[in-house]
Amino acid sequence: MKTLVYSSRDLSIRELTIVPSNTWGGSGLLGVSIRFQSFEGASENIWHVMNVQKNSPASQAGLISDHDYIIGGDAHFTDFGELIQAHNMKPLKLFVYNDTTDACREVIVTPNDAWGGEGALGCELGFG
(Lines give C-alpha, C1' and ligand atoms only; values in the text may rest on other atoms or scores of the structure.)
Protein backbone atom coordinates (compact mmCIF):
# COMPACT_ATOMS: atom_id res chain seq x y z
CA MET A 1 0.00 0.00 0.00
CA LYS A 2 1.55 3.33 -1.07
CA THR A 3 1.07 6.21 1.35
CA LEU A 4 2.07 9.86 1.18
CA VAL A 5 3.46 11.26 4.45
CA TYR A 6 3.84 14.97 5.12
CA SER A 7 6.62 16.24 7.38
CA SER A 8 5.70 19.46 9.14
CA ARG A 9 9.33 19.81 10.29
CA ASP A 10 10.90 20.16 6.86
CA LEU A 11 7.69 20.84 4.88
CA SER A 12 8.18 17.88 2.55
CA ILE A 13 6.12 14.96 1.30
CA ARG A 14 7.55 11.48 0.91
CA GLU A 15 6.06 8.27 -0.38
CA LEU A 16 6.16 5.13 1.73
CA THR A 17 5.20 1.61 0.82
CA ILE A 18 3.51 -0.18 3.71
CA VAL A 19 2.95 -3.92 3.56
CA PRO A 20 0.23 -5.09 5.99
CA SER A 21 1.13 -8.29 7.80
CA ASN A 22 -0.27 -10.30 10.68
CA THR A 23 3.05 -12.10 11.22
CA TRP A 24 5.18 -9.19 12.46
CA GLY A 25 4.62 -10.11 16.13
CA GLY A 26 2.34 -7.37 17.42
CA SER A 27 -1.28 -6.37 17.25
CA GLY A 28 -2.87 -5.07 14.07
CA LEU A 29 -1.61 -5.34 10.54
CA LEU A 30 0.73 -2.33 10.45
CA GLY A 31 2.21 -1.89 13.91
CA VAL A 32 1.23 1.76 13.87
CA SER A 33 -1.79 3.88 14.68
CA ILE A 34 -2.73 6.29 11.93
CA ARG A 35 -5.18 9.11 12.43
CA PHE A 36 -6.17 11.83 10.02
CA GLN A 37 -5.54 15.22 11.54
CA SER A 38 -6.01 18.53 9.80
CA PHE A 39 -2.76 20.48 9.58
CA GLU A 40 -4.67 23.73 10.07
CA GLY A 41 -3.73 25.18 13.44
CA ALA A 42 -1.14 22.46 14.15
CA SER A 43 1.57 24.95 15.11
CA GLU A 44 -0.78 26.44 17.72
CA ASN A 45 -0.31 23.35 19.89
CA ILE A 46 3.47 23.36 20.16
CA TRP A 47 4.98 24.45 23.46
CA HIS A 48 8.64 25.51 23.84
CA VAL A 49 10.11 24.34 27.16
CA MET A 50 12.11 27.07 28.90
CA ASN A 51 13.68 27.65 32.31
CA VAL A 52 13.24 24.18 33.78
CA GLN A 53 13.62 24.58 37.54
CA LYS A 54 15.85 22.26 39.55
CA ASN A 55 14.02 19.33 41.22
CA SER A 56 10.77 20.23 39.45
CA PRO A 57 8.44 17.70 37.82
CA ALA A 58 9.77 18.91 34.43
CA SER A 59 13.35 18.36 35.57
CA GLN A 60 12.59 14.91 36.98
CA ALA A 61 10.96 13.96 33.67
CA GLY A 62 14.10 15.00 31.77
CA LEU A 63 12.74 18.05 29.93
CA ILE A 64 15.55 20.24 28.58
CA SER A 65 15.34 24.03 28.70
CA ASP A 66 15.41 25.89 25.39
CA HIS A 67 15.80 22.73 23.27
CA ASP A 68 12.62 20.74 23.94
CA TYR A 69 9.24 21.33 22.31
CA ILE A 70 6.09 19.57 23.49
CA ILE A 71 4.34 18.54 20.29
CA GLY A 72 1.62 16.24 21.62
CA GLY A 73 0.56 13.71 24.16
CA ASP A 74 -1.47 10.58 24.63
CA ALA A 75 -4.45 12.67 25.73
CA HIS A 76 -6.27 14.98 23.32
CA PHE A 77 -6.10 18.60 24.41
CA THR A 78 -6.91 22.04 23.13
CA ASP A 79 -5.83 23.88 26.27
CA PHE A 80 -2.48 22.68 27.58
CA GLY A 81 -2.95 24.36 30.97
CA GLU A 82 -6.22 22.50 31.52
CA LEU A 83 -4.51 19.24 30.54
CA ILE A 84 -1.78 19.81 33.13
CA GLN A 85 -4.30 20.65 35.86
CA ALA A 86 -6.42 17.60 34.98
CA HIS A 87 -3.30 15.43 35.45
CA ASN A 88 -2.14 16.91 38.76
CA MET A 89 -0.38 14.07 40.61
CA LYS A 90 -1.07 11.69 37.68
CA PRO A 91 1.51 10.59 35.08
CA LEU A 92 1.08 12.20 31.69
CA LYS A 93 2.78 10.99 28.50
CA LEU A 94 4.04 13.80 26.28
CA PHE A 95 5.71 13.65 22.89
CA VAL A 96 8.73 15.95 22.85
CA TYR A 97 10.89 17.13 19.96
CA ASN A 98 14.46 18.19 20.75
CA ASP A 99 16.13 20.60 18.32
CA THR A 100 19.66 19.52 19.29
CA THR A 101 19.19 15.82 18.59
CA ASP A 102 16.56 16.44 15.86
CA ALA A 103 14.56 13.59 17.36
CA CYS A 104 11.27 12.98 19.15
CA ARG A 105 10.89 11.05 22.36
CA GLU A 106 8.20 10.12 24.86
CA VAL A 107 8.41 11.81 28.24
CA ILE A 108 6.36 10.86 31.29
CA VAL A 109 5.81 13.86 33.56
CA THR A 110 3.71 13.99 36.71
CA PRO A 111 2.41 17.53 37.22
CA ASN A 112 2.39 18.53 40.87
CA ASP A 113 1.18 21.95 41.93
CA ALA A 114 2.66 21.35 45.41
CA TRP A 115 6.20 20.38 44.35
CA GLY A 116 7.70 23.44 46.07
CA GLY A 117 8.17 25.86 43.20
CA GLU A 118 6.15 27.72 40.60
CA GLY A 119 3.59 25.96 38.44
CA ALA A 120 2.64 22.32 38.31
CA LEU A 121 5.52 21.49 35.92
CA GLY A 122 8.23 23.80 37.22
CA CYS A 123 9.14 25.30 33.86
CA GLU A 124 8.07 28.10 31.60
CA LEU A 125 6.33 27.29 28.34
CA GLY A 126 6.60 29.46 25.26
CA PHE A 127 3.96 29.33 22.58
CA GLY A 128 4.82 28.02 19.12
Side-chain angles (χ1 to χ4, degrees):
M1 170 172 56
K2 291 189 184 224
T3 305
L4 293 178
V5 178
Y6 176 74
S7 170
S8 60
R9 183 177 58 83
D10 60 13
L11 307 176
S12 66
I13 296 174
R14 68 184 187 279
E15 184 177 289
L16 298 176
T17 300
I18 301 172
V19 179
S21 170
N22 60 4
T23 62
W24 68 274
S27 63
L29 296 176
L30 299 178
V32 65
S33 295
I34 298 175
R35 176 179 78 172
F36 175 78
Q37 183 70 36
S38 171
F39 184 70
E40 184 177 320
S43 64
E44 296 172 9
N45 293 314
I46 297 173
W47 300 95
H48 189 186
V49 177
M50 301 178 294
N51 301 323
V52 174
Q53 298 172 38
K54 187 177 179 180
N55 300 318
S56 67
S59 172
Q60 292 172 353
L63 290 173
I64 302 168
S65 293
D66 303 318
H67 297 284
D68 278 347
Y69 295 81
I70 298 168
I71 59 173
D74 64 353
H76 177 74
F77 61 91
T78 53
D79 184 308
F80 190 68
E82 288 179 12
L83 177 72
I84 296 303
Q85 289 305 314
H87 283 80
N88 191 49
M89 301 301 294
K90 297 180 218 167
L92 173 63
K93 184 192 302 183
L94 299 174
F95 301 111
V96 177
Y97 169 76
N98 181 280
D99 66 4
T100 302
T101 62
D102 194 27
C104 292
R105 68 187 192 283
E106 291 182 3
V107 172
I108 305 294
V109 64
T110 303
N112 179 353
D113 57 12
W115 72 272
E118 288 188 40
L121 291 179
C123 66
E124 294 177 21
L125 295 173
F127 182 70

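If you're wondering where the values come from, they're calculated on a predicted model, not measured in any experiment. Sequential numbering from 1 along the given sequence is applied to the chain's residues.
Atom OH of Y97 is separated from atom CG of D102 by 3.5 Å, given to the nearest 0.5 angstrom. The CG atom of N98 sits 5.0 Å away from atom CD1 of I64, with the distance rounded to the nearest 0.5 Å. In this structure, D79 CG and Q85 CD are separated by 10.0 Å, a value rounded to the nearest 0.5 Å. To the nearest 0.5 Å, atoms CD (E106) and CG (L94) are separated by 10.0 Å. T110 OG1 to K90 NZ: the interatomic distance, rounded to the nearest 0.5 Å, is 11.5 Å. To the nearest 0.5 Å, atoms CD1 (I70) and CH2 (W47) are separated by 9.0 Å.
Atom CE of M50 is surrounded by more than 12 heavy atoms from other residues, nucleotides or ligands within 6.0 Å.
A single hydrophobic cluster is seen to contain both F95 and Y69, as judged by linkage of ILVMFWY side chains at heavy-atom distances under 4.5 Å, directly or through other members. There is a path of hydrophobic side-chain contacts, each under 4.5 Å, that joins V49 to I84. Criterion: ILVMFWY side-chain heavy atoms under 4.5 Å apart, direct or through other members. Under it, W115 and L121 are not part of a common hydrophobic cluster.
Residues T23 and S21 come closest through the heavy atom pair OG1-OG, 2.8 Å. Taking both residues in full, the closest heavy atoms of F80 and L125 are given as CE2-CD1, 3.2 Å, listed atom of the first, atom of the second, then distance. For G122 against S56, the heavy-atom pair with the smallest separation is O-OG, 3.3 Å. Taking each heavy atom of Q53 and G117 in turn, the nearest pair found is OE1-CA, 4.3 Å.
In this structure, E82 has no salt bridge (Lys or Arg N to Asp or Glu O under 4.0 Å) partners at least two apart in sequence or on a different chain.
Looking only at distances, a side-chain donor or acceptor of N88 sits under 3.5 Å from a matching main-chain atom of D113.
D99 has its side chain out of reach of H48: every pair of non-hydrogen atoms, C-beta onward, lies at least 4.5 Å apart. At a threshold of 4.5 Å between non-hydrogen side-chain atoms, the residues S65 and V52 count as touching.
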